[in-house]
Amino acid sequence: MYGIIDVNGMFASCEQAFRPDLVNRAVAVLSSNDGNIIARNRLCKLAGIKMGDPYFKVRPLIEKHNVAVFSSNFTLYGSMSARFASVVESLSANTECYSVDEVFFTADNIEKVMSLDEYGHQLRNAVKLHTTLVCGVGISYSKTLAKLCNYAAKTWPAYGGVVALTDRQRIKKLLSIVDVSEVWGVGRKIAKTLSLMGIHTALDLAQADTNFIRKNFNVVLERTVRELRGESCFALQEHPVTKQQIVVSRSFGQRVTSLDEMQQAVTGYAAQAAERLRGENQYCKAINVFVRTSPFSINDVQYGNQATEKLLTPTQDTRDIITAAQRALARIWKDGINYAKAGVMLADFNGREAQLNLFDESAPREGSDKLMGLLDRINRDGRKQLFFAGQGINPSFKVRRDWLSPEYTTNWKDIPRAKIG
DNA sequence: TCTGGGGTCCTAGGACCC
DNA sequence: TCTGGGGTCCTAGGACCC
C-alpha cells in the first residue's frame with residue numbers, strides 16, 4: 001500500500017502560518033520577478049484567480065477581492081517543508097520526499113493496528129498541530145492510485161481530507177468519475193491525444209490495452225495504466241538520488257541589452273550553480289549557458305541560443321565554472337537584442353575520485369578545496385558577504401520582489417515576537 | 001510596463017564502429 | 001542497375017512533474 005500526503009496551497013499556507021490576521025483573507029504567492037500566480041489559498045481560488053495567471057492581468061481581481069499578495073520566499077517554504085516532512089517521517093516506516101509539499105509513504109502493516117482512514121487522519125492532525133499546515137491524504141495500492149485518492153480528498157470536502165481505498169468496486173467508481181487529465185503522468189498533450197482515441201476518464205485509461213498504449217505513447221504511460229489497475233510499478237524512492245544536472249536561471253527584472261550586464265548575470269548564476277554543486281559533493285565536466293528574448297515581446301527581434309563548454313578535468317571550483325561560462329556566453333552573444341532571461345546549467349557529474357586526464361593542461365587549482373570551503377562557510381548564513389567581482393554590485397537586472405515576507409524561521413532578526421498579557 | 005524556476009525520463013535520429 | 005546488418009553512444013527535443 002502506498003500513501004501520499006500533501007499540503008493544501010503550500011506557499012500561501014506558509015505565508016499565512018505567521019500572519020494570523022490573514023486567516024480569512026485570500027492569499028496569493030507570485031513567481032520570481034512577481035510575474036505569475038504560483039500558489040493560492042482556498043479563498044483566492046474562489047476569487048477566480050488561476051494558477052499561472054500573469055499578475056498584471058489579474059490585478060483587478062486581486063484588488064476586488066482584497067487578495068494578500070506575496071513574492072515567493074523559498075527560504076521560508078523550504079524550512080516549513082522540512083518541518084512538514086519530519087512530522088510525516090516520525091509517523092511512518094518508509095517515506096519519500098517527493099516535492100516541497102508532498103511526501104509518499106508506505107502503509108503496509110497499518111491495518112493490523114488501525115484502519116487506513118484513521119492512520120491518514122493521524123498524519124494529517126500531527127502536521128496541523130506542529131506546522132499549522134492543512135493536508136490531504138490518499139492511500140491505495142499504487143502511487144498513482146494514492147495520488148488519485150488524494151485528488152478525491154481535496155475535491156470532495158465531505159471526505160474530511162482523507163481517502164483510503166482498498167475496495168476494488170470503490171476504486172472503479174472513483175476512476176469512472178475522474179477525468180483522465182487528472183491522472184498523475186497524464187499532461188495536457190497526452191490527455192488531448194487520449195481524448196481523440198475515446199479515452200476520457202481514468203477508468204477508460206485503466207482499461208486500455210497496454211500494448212496499444214506502449215506503441216502509441218511510451219513505457220511510462222503503460223506503467224501508469226498498470227498502476228491504475230492496482231499493480232505497483234513506481235517504487236518508493238527512499239533516498240534522494242544524486243542529481244544529474246544543476247540549473248540556475250532567472251528572468252531579468254528589466255531587459256538586458258549590454259554584454260557587460262549579461263556577463264555579470266552569467267557570472268552570478270555560475271557562482272550560485274557552483275555552490276550548489278559543492279553542496280551535492282559533485283564535480284562537473286560540462287557547463288552550459290543559454291540566453292533568450294521574451295516570446296511575449298512580439299515587437300522584439302527574437303533570439304535564443306545556448307552553448308556548452310566541456311572540461312577534461314572535472315571541477316567544483318567557482319573560478320573554473322565562471323571562466324567556462326564566460327567562454328560559452330562569448331560564443332552565443334549577439335548585440336542589439338533585448339534579452340529577457342539567461343541561465344547556467346552544470347552537467348556531466350563525477351564523484352571526487354575522478355581521474356585526472358593525462359593530456360589536460362589545466363591541472364586542478366592548488367588549494368581549491370580550502371578556498372571554496374571557506375567561501376561557502378562565510379556565505380552559509382545567506383547574507384552573501386563574499387562574491388566574485390564579475391557579478392557586479394547592485395545590478396539593474398536583478399529580480400523584483402516587492403512583497404517579500406520575513407524569514408520567520410531561518411533568520412534571528414525575523415523571528416516573530418509575541419506579546420504577553 | 002509587467003508572463004517562473006528546477007528537475008526527470010524517453011525517444012528519435014545522427015555519428016560512428018565492426 | 002545494384003547500396004547490409006547490427007550495435008553503441010550522444011544529443012536535441014518533447015513530454016511530464018512540482
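Here is the naming used below: chain letters follow the sequence lines, and residue numbers restart at 1 for every chain. Here the structure is a predicted model, which is why all the values come from computation and not from measurement.
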**Student:** Looking only at side-chain N and O atoms, does A:S251 come under 4.0 Å of OP1 or OP2 in B:dG5?
**Tutor:**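 True: A:S251 side-chain N/O within range (under 4.0 Å) of B:dG5 OP1/OP2.
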**Student:** In whole Å, I'd like the distance from the CZ atom of A:F252 to the P atom of B:dT3.
**Tutor:**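 To the nearest whole Å, that distance equals 12 Å.
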**Student:** Look at A:K147 and C:dC16 and indicate whether a side-chain polar atom (N or O) is within less than 4.0 Å of OP1 or OP2.
**Tutor:**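 Negative; the distance criterion is not met.
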**Student:** Any idea which of B:dT8, B:dT3, B:dG5 is nearest the A:Q245 side chain?
**Tutor:** B:dT8
**Student:** Just checking A:N33: base, sugar-phosphate only, or nothing, at a heavy-atom cut-off of under 4.0 Å?
**Tutor:**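 Counting heavy atoms under 4.0 Å across all strands, no contact is made by A:N33.
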**Student:** From the options B:dC9, B:dT3, C:dC18, select the nucleotide whose nearest atom is closest to the side chain of A:Q244.
**Tutor:**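 Ranking B:dC9, B:dT3, C:dC18 by closest atom to the A:Q244 side chain puts B:dC9 first.
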**Student:** Is there a side-chain polar atom (N or O) of A:R250 under 4.0 Å from OP1 or OP2 of B:dG6?
**Tutor:** yes
**Student:** Can you tell me which nucleotide in B:dT3, B:dC10, B:dT8 comes closest to the side chain of A:V220?
**Tutor:**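 Output: B:dC10.
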**Student:** Answer with base, sugar-phosphate or nothing: what part of the nucleic acid does A:F296 contact at a heavy-atom distance below 4.0 Å?
**Tutor:** base
**Student:** Measure the SG-CD1 distance between A:C149 and A:I139 for me, rounded to the nearest 0.5 Å.
**Tutor:** 8.5 Å
**Student:** Thinking salt bridges, do A:R278 and A:D317 make one under a 4.0 Å N-O criterion?
**Tutor:** no
**Student:** Any salt bridge linking A:K413 with A:E407? Criterion: basic side-chain nitrogen under 4.0 Å from a carboxylate oxygen.
**Tutor:** no
**Student:** A:R400 near the nucleic acid: base, sugar-phosphate alone, or nothing, with a heavy-atom cut-off under 4.0 Å?
**Tutor:** nothing
**Student:** Once you round it to whole Å, what is the distance between C1' of C:dG13 and CG of A:N288?
**Tutor:**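 Distance, rounded to whole Å: 14 Å.
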**Student:** Under 4.0 Å from OP1 or OP2 of B:dG6: is there any side-chain N or O of A:S249 that close?
**Tutor:** yes
**Student:** In whole angstrom, give me the gap between the P atoms of C:dC18 and B:dC2.
**Tutor:**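 Comparing P positions in C:dC18 and B:dC2 gives a spacing of 31 Å.
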**Student:** Below the 4.0 Å mark, does B:dG5 have OP1 or OP2 next to a side-chain nitrogen or oxygen of A:S31?
**Tutor:** no
**Student:** Would you mind reading off the distance between A:K143 atom NZ and C:dC18 atom P, rounded to a whole angstrom?
**Tutor:**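 After rounding, the gap between these two atoms is 12 Å.
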**Student:** Taking the side chain of A:V247 as its heavy atoms from C-beta onward, which of B:dG5, B:dT3, B:dG6 lies nearest to it?
**Tutor:** B:dG6
**Student:** From B:dC10, B:dT3, B:dG7, pick the nucleotide closest to the side chain of A:R276?
**Tutor:**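 Within the option list, the nearest is B:dG7.
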**Student:** Base, sugar-phosphate or nothing for A:L30? Non-hydrogen atoms, less than 4.0 Å.
**Tutor:**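 No contact.
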**Student:** Using whole Å, report how far OH of A:Y55 lies from P of B:dT1.
**Tutor:**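 After rounding, the gap between these two atoms is 15 Å.
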**Student:** Nearest to the side chain of A:K57 - B:dC10, B:dT3, C:dC18?
**Tutor:**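 Taking heavy atoms from C-beta onward, the closest nucleotide is B:dT3.
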**Student:** What nucleotide among B:dT8, B:dT3, B:dG5 has an atom nearest to a side-chain atom of A:K341?
**Tutor:**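 Ranking B:dT8, B:dT3, B:dG5 by closest atom to the A:K341 side chain puts B:dG5 first.
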**Student:** Got a sec: does the CD1 of A:I298 have more than 12 other heavy atoms crowding it under 6.0 Å?
**Tutor:**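 No.
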**Student:** Do the side chains of A:R223 and A:E227 get close enough for a salt bridge, i.e. N-O under 4.0 angstrom?
**Tutor:** no
**Student:** Looking at residues 187-215 of chain A, who's got a heavy atom less than 4.0 Å off DNA chain B?
**Tutor:** none
**Student:** Expressed in angstrom and rounded to an integer, what is the separation of A:I37 atom CD1 from B:dC2 atom P?
**Tutor:** 17 Å
**Student:** Within the structure shown, what part of the strands sits under 4.0 Å from A:K310 by heavy-atom distance: base, sugar-phosphate, or nothing?
**Tutor:**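 Sugar-phosphate, backbone atoms only, no base.
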**Student:** With a 6.0 Å cut-off on ring centres, are A:Y303 and A:W333 close enough?
**Tutor:** no
**Student:** For A:D101, answer base if it contacts any base atom (sugar-phosphate contacts may also be present), sugar-phosphate if it contacts only those atoms, and nothing otherwise; contact means non-hydrogen atoms under 4.0 Å.
**Tutor:**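 Result for A:D101 = sugar-phosphate.
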**Student:** Contact class for A:Y98 (heavy atom, under 4.0 Å): base, sugar-phosphate, or nothing?
**Tutor:** sugar-phosphate
**Student:** So if I take every side-chain heavy atom of A:S99 and compare against C:dC18, B:dG4, B:dC10, which nucleotide ends up nearest?
**Tutor:**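 Per side-chain heavy atoms of A:S99, the pick is C:dC18.
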**Student:** Can you tell me if A:R170 has over 12 outside heavy atoms packed within less than 6.0 Å of its CZ?
**Tutor:**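 Open.
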**Student:** Side chain of A:P54, heavy atoms from C-beta onward: which of B:dC10, B:dT8, B:dT3 has the nearest atom to it?
**Tutor:** B:dT3
**Student:** At under 4.0 Å between heavy atoms, what does A:V219 touch on the DNA or RNA strands: base, sugar-phosphate, or nothing?
**Tutor:**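 If one applies the 4.0 Å heavy-atom cut-off, A:V219 turns out to touch the sugar-phosphate alone, with no base involved.
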**Student:** Rounded off to whole Å, could you give me the CG-to-C1' distance for the A:N36 and C:dC18 pair?
**Tutor:** 15 Å
**Student:** Using only side-chain N and O atoms of A:R255, determine if any of them is under 4.0 Å from OP1 or OP2 of B:dT3.
**Tutor:**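 True: A:R255 side-chain N/O within range (under 4.0 Å) of B:dT3 OP1/OP2.
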**Student:** Rounded to whole Å, please give me the gap between CZ in A:F290 and C1' in B:dG6.
**Tutor:** 10 Å
**Student:** Side chains of A:T293 and A:N338 only: does a donor on one sit below 3.5 Å from an acceptor on the other?
**Tutor:**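 There is no such pair (donor and acceptor under 3.5 Å, judged by atom type) between the side chains of A:T293 and A:N338.
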**Student:** Taking only Watson-Crick and G-U wobble pairs with both distances under 3.5 Å, what dot-bracket line describes DNA chain B, where [ ] shows pairs that cross earlier ones and | shows pairs with another strand?
**Tutor:** ....||||||||||||||
**Student:** Are A:M1 and A:I110 side-chain neighbours, meaning at least one heavy-atom pair lies under 4.5 Å?
**Tutor:** no
**Student:** Please say whether more than 12 non-hydrogen atoms of neighbouring residues, nucleotides or ligands are located less than 6.0 Å from CZ in A:R400.
**Tutor:** no
**Student:** How many Å lie between CD on A:Q306 and P on C:dA12, as a whole number?
**Tutor:** 6 Å
**Student:** For the residue pair A:F11 and A:F74, categorise the inter-ring angle as parallel (less than 30°), tilted (30 to 60°) or perpendicular (more than 60°).
**Tutor:**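 Perpendicular: the ring planes of A:F11 and A:F74 meet at over 60°.
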**Student:** Just checking A:Y2 against A:W184, ring centres under 6.0 Å apart?
**Tutor:**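 No, too far apart.
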**Student:** Given B:dG6, B:dT3, B:dT11, which nucleotide is nearest the side-chain atoms of A:F56?
**Tutor:** B:dT3
